[in-house]
Structures are given as C-alpha cells and as structure tokens.
Amino acid sequence: MSERTHTCGALRTTDMGSEATLMGWVHRVRDLGSLIFVDIRDRYGLTQVVARDDEALLAQTKRLRPEYVIAVSGTVERRSDDTLNPKIETGEIEIAIRELTVLSEARRPPFQIADENPVSEDLRLKYRYLDLRRDRMQRNMQLRHRVLMAARRSLDEQGFLDIETPVLAKSTPEGARDYLVPSRVHPGEFFALPQSPQIFKQILMIGGMDRYFQVARCFRDEDLRSDRQPEFTQIDMEMSFVTQETVFAAVERLMQAMFAANDESIVTPFPRLPYAEAMDKYGSDKPDLRVEMAIVDVSDVFAESSFRVFRDAIAGGGAIRALVVPGAGRYSRSQVDKLVDEAIELGATGMVWARRGPEGDVQSSILKVAGADTLGRLLDSAEAGADGLVLVAAGAPHEASALLGKMRLRLAAREGLIDERCRALTWVVDFPMFEWSETEGRHMSMHHPFTAPRDEDRDRLDTDLGSVRAKAYDLVLNGSEIGGGSIRIHEQPLQRRIFELLGISDEDARSRFGFFLEALEYGTPPHGGIALGVDRIIALLAGEPSIRDVMAFPKTAAAVDLMTGAPSTVDPHQLRDLHLEPTPER
RNA sequence: GGGGUCGUAGUUCAGUUGGUUAGAACGCCGGCCUGUCACGCCGGAGGUCGCGAGUUCGAGUCUCGUCGGCCCCGCCA
C-alpha cells in the first residue's frame with residue numbers, strides 16, 4: 001500500500017496534473033452508471049474522486065458503502081467550469097481514480113454520518129466513535145484543541161509553569177462528594193479523586209514555583225446538569241505575591257487569547273460588579289449582562305401607600321423591587337396573568353404588575369387598592385416608558401430580587417432582547433466569606449476555607465460573620481459561571497481561626513490537612529488564583545447548549561458512560577484485593 | 001431525593017374520541033443512467049409501538065409499575 005500524499009482537504013488547482021493518494025472514509029457515493037462519484041472524508045475535509053472508463057474499477061467502486069475506509073490514487077484534475085462546487089474547499093478539483101483499495105469495510109452505521117439531521121443523544125453516546133466523525137463534533141474537538149493550545153501559549157508567555165498534581169489524592173475539606181479509590185496496600189483506607197487541585201497548588205506557591213497552571217481534570221460525585229459532568233476540565237492557576245488586580249489582568253489576557261482562537265476579540269479589562277450589587281440589580285451572582293434590565297428598589301414609593309401588603313413588607317424589614325420588561329406593555333391581559341402564574345410557580349406568593357394604557361392611563365393588578373397616584377410614581381420611578389411592563393415583588397430584599405432575576409432572564413429571552421453574538425464578561429467581586437447552612441446548622445465557606453477575608457472586614461470576624469466579605473471573585477460569561485477564585489490566606493494563625501469559625505475542630509483540621517497548616521508555617525508568600533471551567537467556556541464559544549458536546553466521551557445525566565458501560569460490577573477477586581465486601585442487594 | 005418531558009421501521013418523526021392491514025421522509029437493498037455533488041428515476045425489504053402488568057369485546061392510544069434519554073429543583077466550598 002502506498003503512502004497517503006494529501007489529506008482530503010488539501011488539494012487545490014495548483015496540484016493539477018500531479019499524482020495523489022488520499023485515504024479516508026466513504027462519505028457519499030453518487031452512482032451514475034458508468035460514472036461514479038465518491039466523496040472521501042477525513043478530519044481535514046472532503047474530496048470528490050471519480051471512477052470512469054474502466055469496467056473493473058467501476059465494478060469495484062460500485063461495491064463501496066458508507067463509512068468504508070479506502071485509499072484512492074489517481075491524477076488531480078481541474079473540474080470543468082460548470083461542475084465546480086463552491087461549497088467545499090476542494091471543489092475546484094477532483095481525482096480521477098486509477099487505483100482503489102478498501103482498507104476496511106464498515107457495517108451499516110446506526111445513524112448517518114453524512115447528515116446533519118438530529119440524532120438522539122443516547123445513540124450518539126453509545127456510538128461515540130461514529131458521532132465524533134460528524135461535522136459538529138469534528139468542529140467542536142478542533143475548537144477545543146485550538147482554545148486550549150492558545151491558553152497554554154498565553155500562560156507560558158506570562159511565566160506560568162505547567163505542573164501536574166496527583167489524581168490519587170486526599171479528600172478535601174467540605175465541598176462536593178468525593179469519588180473514592182480504595183487502597184490495596186492499606187486496608188480500609190482510601191484515596192479521593194481531586195475536586196480541584198486546590199491544596200496542591202497552594203503548596204506549589206509555598207514551594208516557590210511563583211506561577212503555576214495546569215489543565216486539570218477534576219471530579220465531583222454530584223448530580224449532573226447540562227453544564228455539569230462528574231469529571232470536567234479546569235484551567236487551574238495560582239500566583240504568588242499578587243493582589244486580586246494582578247490575577248484579573250493575567251486572566252483577562254488569557255481569556256483574550258482563548259477567544260482569539262475562535263476569531264473573537266474581547267475588550268479588557270472586564271467590568272467588576274460587587275456581589276451585593278449583582279444580587280440587588282440582577283437577582284443572581286452570575287448575571288447575564290447581555291441585556292441591562294436592572295431591578296430597582298421602589299420601597300420608597302410604597303412606604304406610605306394604601307397597599308397594606310407592601311407597607312407591611314417594608315415595615316417587616318423587606319423591600320419592594322421592580323423590573324421593567326421593555327415591550328411587554330403591549331401584552332394582553334391574559335399574557336400578563338400568565339406571568340403572575342409563572343412567578344407563583346417559581347415559588348413567589350404573588351407578583352404585582354403595572355403599565356400605562358394606550359391613553360397614558362395607569363393599569364395595574366392593584367389599581368384599586370394602591371391608587372393611580374402611587375402607581376404613577378412607580379412607573380416613573382422605574383422608568384417604565386410607554387410600552388414597558390413593570391413587575392413588582394415584595395419580600396426579603398434578596399428574595400424579591402431573586403424572583404425578578406428569574407423573570408428577567410425568561411422575559412429577556414422571550415422578548416428577543418438577548419444578542420446571541422454578544423459576549424458579556426464580568427468579574428463578580430466581594431463575595432461574602434460565609435453563608436449560613438440550614439442543613440449543617442453552621443456557617444460554611446462560600447468559596448472555600450482557604451479564602452482570605454477583605455482587610456477592612458477582618459475585625460468583624462469576631463462580631464458579625466455574615467457581613468465579612470472575602471477576596472473572592474467569579475468570572476461570569478453571558479450568565480454562566482466560567483471561573484472562580486480568590487486571594488488565599490497565607491498566615492497560619494488566620495487559617496487556624498477560619499477553621500475554628502467554620503466549626504472544624506483542631507483535631508479534625510490536623511487529621512484532614514495538618515500537612516497544609518504545617519506548610520503555612522514555613523514561609524508562605526501571599527498568593528491567589530483561579531480555576532476556569534474549560535468545558536463551559538468552549539461550549540459557549542461553540543454555541544453548544546451542553547458541555548457534553550465539547551467533550552469527547554461524556555457521561556449521561558445518570559453518570560453512566562453508554563459506550564463502555566461504566567460504571568460496572570467487578571470481579572470478586574478485585575474486591576477482595578481491596579478489602580471490600582459487596583453489600584447485599586437492596 | 002423531588003418534579004417535568006420523551007421512548008413507534010436503521011434514523012428523525014406522524015399516528016384523531018380506544019376500532020379493520022401502524023404511515024411519511026431520509027437511509028438500506030436491487031435495477032436504469034457519463035458530470036453528479038443532499039444526483040435523478042423505477043422497484044423492494046424493513047415494526048416485540050422501550051419492557052411488564054392492568055382496564056376493555058378490542059390498547060401504539062387509557063391506568064399502574066419499571067427501564068432508559070433529556071431538562072429543571074435540591075445538591076454542586
């Protein structure tokens with residue numbers, strides 16, 4: 001067998017007259033009797049080859065079926081002007097086959113490769129090797145490669161060292177459920193697959209590596225979503241002797257490089273939005289800022305109003321918040337009522353609306369009880385305009401905003417206010433250090449327990465935990481959290497104090513990460529970093545709704561690999577080696 | 001753990017108030033065709049209606065259970 005001379009996307013008119021050998025998959029056969037066209041496909045493209053004039057060759061070509069792997073040799077010919085195909089890169093040439101070899105036959109595929117029609121996802125996953133041949137996955141895998149290579153180049157240029165950390169690791173404190181790996185050598189003991197290389201990267205800073213990155217696989221044994229898989233990839237970074245601003249600058253430069261790999265340019269620096277403001281104005285810590293539609297506080301309007309429900313809510317420490325939906329002022333009464341139903345489905349006890357009618361008159365679900373004056377002031381204060389619908393929610397400030405935040409996302413999409421090409425990148429900063437956990441009955445770290453508090457909030461660690469802000473930040477793209485990080489604690493006493501506040505006992509802390517506390521005592525540089533969700537970023541760049549479509553071998557929502565059948569039962573001998581016993585079937 | 005939704009030919013789907021032989025398109029197989037490129041034309045094969053019970057004279061259709069895909073809530077520092 002002769003060597004491949006070109007890929008299926010390579011030949012041009014400049015190759016005219018030369019001999020070429022292509023290898024690839026039979027994409028499509030067009031059999032015209034004594035003239036047969038075959039499209040041969042590989043990762044690089046599609047080339048039309050043609051069999052004619054030779055009875056034996058025609059007979060052989062007739063036997064080709066979709067997805068056979070073939071080698072064809074022949075002369076590159078320029079197509080006549082009336083048979084050019086502008087739809088493919090190689091459309092000005094074709095190969096007149098002299099020799100055809102079937103390298104491998106193929107069973108009839110369970111779905112058509114040469115077809116962009118949708119195929120159910122379970123079939124795609126079971127036959128992933130066939131799905132990967134299709135244009136969509138070819139494009140996505142190539143995009144993923146380009147983006148990751150650009151990221152590695154950018155980080156290398158910025159002085160980061162690519163360092164690998166263990167996959168067989170120690171269970172991290174708090175956080176998600178771990179995937180555990182039993183130790184054969186140490187009966188009853190387990191490794192944990194890392195949820196992130198958090199402690200290792202901080203120890204690399206203590207180890208003087210100054211700037212570290214890793215394209216790291218992370219594992220979390222939690223339920224899946226379209227943007228969550230049990231194993232996923234992060235660009236994990238850590239930097240020494242830096243402030244938050246230095247981390248931001250490095251990440252912004254990195255993000256620019258990654259977007260450039262998809263021929264997109266983005267503006268830096270990214271805007272910064274304090275957490276509290278995000279929660280108030282957008283009802284979310286990951287606001288989609290492709291559309292403004294900010295939620296406003298209108299408590300003032302109702303503080304003295306005749307509408308008791310709102311007056312009481314304010315008196316009880318709550319707030320009245322309003323969202324203007326541009327264009328929704330022309331909704332029919334029943335459409336507006338449906339919005340109220342939607343709000344109730346989202347868990348609201350109710351939702352009030354108001355707008356101006358065609359004559360400038362005030363219309364509202366509470367017109368009679370609140371009065372036209374108050375509602376007129378509401379419409380002015382919220383800047384509803386002529387065709388804006390104002391939705392109003394009452395309750396605890398964050399809850400009122402959270403409800404309107406959900407309505408904001410739905411209605412912005414429904415009203416076509418979101419530009420799909422827009423890339424809204426934002427830093428959300430000043431996260432709270434702690435949040436109260438009802439289930440645990442104690443404060444938990446909002447980010448993780450190694451996060452440093454803001455200097456000016458530090459003295460409130462003793463008095464008012466809930467108000468302490470952290471040097472923690474998230475990176476948000478189009479309403480999706482694509483990264484999160486913080487400046488870490490580099491002083492051992494403070495770290496010890498934080499564990500104490502989190503209700504982690506000295507003994508507990510020592511046994512779980514005493515090694516880390518000890519490391520902090522040997523000269524720790526101030527440091528901080530971030531982890532970026534590679535799968536999510538690439539899915540957004542590719543315009544894919546699920547990260548599964550930018551991963552070669554993802555798992556289903558039930559955390560199963562449909563192709564390999566993992567997870568599966570194992571041989572009893574393996575269990576015995578690992579000192580495990582099967583539990584009785586339930 | 002909870003909720004929603006889908007499961008019919010190889011694939012994507014349609015299938016009316018429960019009623020005779022379950023359809024379409026694409027694909028597949030065969031035939032014809034020397035300029036196609038989603039080739040065209042003619043013909044053909046192909047179904048455990050996810051699985052199991054139940055209701056009924058009769059179930060793709062209704063009920064219950066179960067399995068699987070997807071989406072969401074909880075969960076995910």
Side-chain angles (χ1 to χ4, degrees), chain A residues 27-41 46-54 58 62 65-67 77 79-88 90-92 94 96 107-127 130 171-178 195-196 198-199 218-230 232 345-347 406 410 431-435 437-440 443-451 470 472 474 481 484-486 498 502 504 531 533 545-546 548-549 554-560 562:
Chain A
H27 189 67
R28 224 175 226 118
V29 179
R30 289 177 295 280
D31 181 353
L32 277 64
S34 42
L35 179 67
I36 304 174
F37 298 99
V38 178
D39 290 337
I40 177 169
R41 182 195 72 233
L46 212 61
T47 300
Q48 173 168 285
V49 300
V50 56
R52 55 165 127 73
D53 303 331
D54 175 339
L58 284 164
K62 246 181 234 301
R65 294 291 176 270
E67 301 311 308
E77 297 181 348
R79 299 203 201 176
S80 64
D81 286 345
D82 53 332
T83 62
L84 301 178
N85 183 357
K87 281 187 270 185
I88 57 174
T90 59
E92 291 187 25
E94 65 191 10
R107 290 166 60 179
R108 174 157 59 86
F111 52 85
Q112 292 165 248
I113 301 350
D115 184 8
E116 280 310 294
N117 289 331
V119 178
S120 68
E121 197 161 355
D122 45 346
L123 256 193
R124 290 177 57 203
L125 291 177
K126 180 169 181 196
Y127 298 96
L130 299 179
S171 191
T172 42
E174 310 204 322
R177 270 187 287 268
D178 287 318
Q195 297 175 28
S196 86
Q198 183 61 36
I199 293 183
C218 302
F219 305 85
R220 292 179 189 174
D221 188 5
E222 296 292 343
D223 286 346
L224 286 74
R225 289 284 191 284
S226 56
D227 63 350
R228 277 166 26 191
Q229 283 273 308
F232 59 99
E345 270 172 41
L346 288 170
K406 285 176 194 157
R410 290 179 175 213
F431 275 80
M433 268 295 269
F434 306 98
E435 60 187 340
S437 165
E438 289 298 335
T439 49
E440 300 270 328
H443 277 98
M444 311 268 288
S445 293
M446 190 139 179
H447 186 52
H448 58 53
F450 314 114
T451 301
D474 275 359
E481 181 196 328
S486 62
I498 296 297
L502 291 170
I504 301 171
S546 164
R548 290 188 300 276
D549 293 312
K555 290 171 183 62
T556 69
V560 165
L562 286 180

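This structure is a prediction, so every number in the text was calculated from the model and none was measured. Sequence lines set the chain letters: A, B, ... in the order given, protein chains first and strands last, and positions in each chain run from 1.
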Checklist entry - To the side chain of A:Asp122, which of B:rC76, B:rG68, B:rU11 is closest? => result B:rG68
Once salt bridge (charged side-chain N to carboxylate O under 4.0 Å, His left out) is applied, do any residues pair with [X], and if so which ones, sequence neighbours excluded?
| X | answer |
| --- | --- |
| A:Asp82 | none |
| A:Asp549 | A:Arg124, A:Arg136 |
| A:Lys406 | none |

Checklist entry - Checking all strands, does A:Arg124 fall into the base, sugar-phosphate, or nothing category for heavy-atom contacts under 4.0 angstrom? => result nothing
Next on the checklist: Please classify the nucleic acid contact of A:Ala558 as base, sugar-phosphate, or nothing, using heavy-atom distances under 4.0 Å.
Outcome noted: sugar-phosphate
Next on the checklist: Could you check whether any side-chain N or O of A:Ser486 sits under 3.5 Å from a backbone N or O of A:Ala472, counting only pairs where one atom can act as donor and the other as acceptor?
Outcome noted: no
Checklist entry - Quick one: the side chain of A:Arg228 and the base of B:rC75, do they pair up donor-acceptor inside 3.5 Å? => result yes
Item to check | Watson-Crick or G-U wobble partner of B:rG43, both distances under 3.5 Å | outcome: B:rC29
Item to check | Interatomic distance at P, B:rC32 relative to B:rA59, whole Å | outcome: 47 Å
Could you give the side-chain donor-acceptor pairs of residues 109-116 of chain A under 3.5 Å, partners two or more places apart or in another chain?
unit_1	atom_1	unit_2	atom_2	d
A:Asp115	OD1	A:Asn117	N	3.1
A:Asp115	OD1	A:Asn117	ND2	3.1
A:Asp115	OD2	A:Asn117	ND2	3.2

Checklist entry - Are the charged groups of A:Asp39 and A:Arg30 less than 4.0 angstrom apart, N to O? => result yes
Nucleotide [N], atom [atom2] - distance to [atom1] of [X] in whole Å:
| X | N | atom1 | atom2 | result |
| --- | --- | --- | --- | --- |
| A:Gln112 | B:rA25 | CD | P | 14 Å |
| A:Lys62 | B:rU34 | NZ | C1' | 11 Å |
| A:Leu123 | B:rC13 | CG | P | 11 Å |
| A:Arg65 | B:rG30 | CZ | C1' | 10 Å |

Item to check | nucleotides 35-46 of chain B: protein proximity per nucleotide (B base, S sugar-phosphate only, - neither; heavy atom, under 4.0 Å) | outcome: BBBSB-------
Item to check | Heavy-atom side-chain contact between A:Glu94 and A:Thr83 under 4.5 Å | outcome: no
Checklist entry - Would you say the side chain of A:Arg548 lies within less than 4.5 Å of the side chain of A:Leu224, judging by non-hydrogen atoms? => result no
Next on the checklist: Evaluate A:Arg52 against A:Glu77 for salt bridge (charged side-chain N to carboxylate O under 4.0 Å, His left out), listing each step before the verdict.
Outcome noted: CA-CA 13 Å; A:Arg52 55 165 127 73; A:Glu77 297 181 348; 3.2 Å; yes
Checklist entry - Is there a side-chain polar atom (N or O) of A:Ser120 under 4.0 Å from OP1 or OP2 of B:rG69? => result no
Interface polar pairs with nucleotides 1-8 of chain B, N/O, under 3.5 angstrom:
unit_1	atom_1	unit_2	atom_2	d
B:rG1	O6	A:Asp223	OD2	3.4

Next on the checklist: Between A:Val119 and A:Leu562, which residue's closest nucleotide on RNA chain B lies nearer the 5′ terminus?
Outcome noted: A:Val119
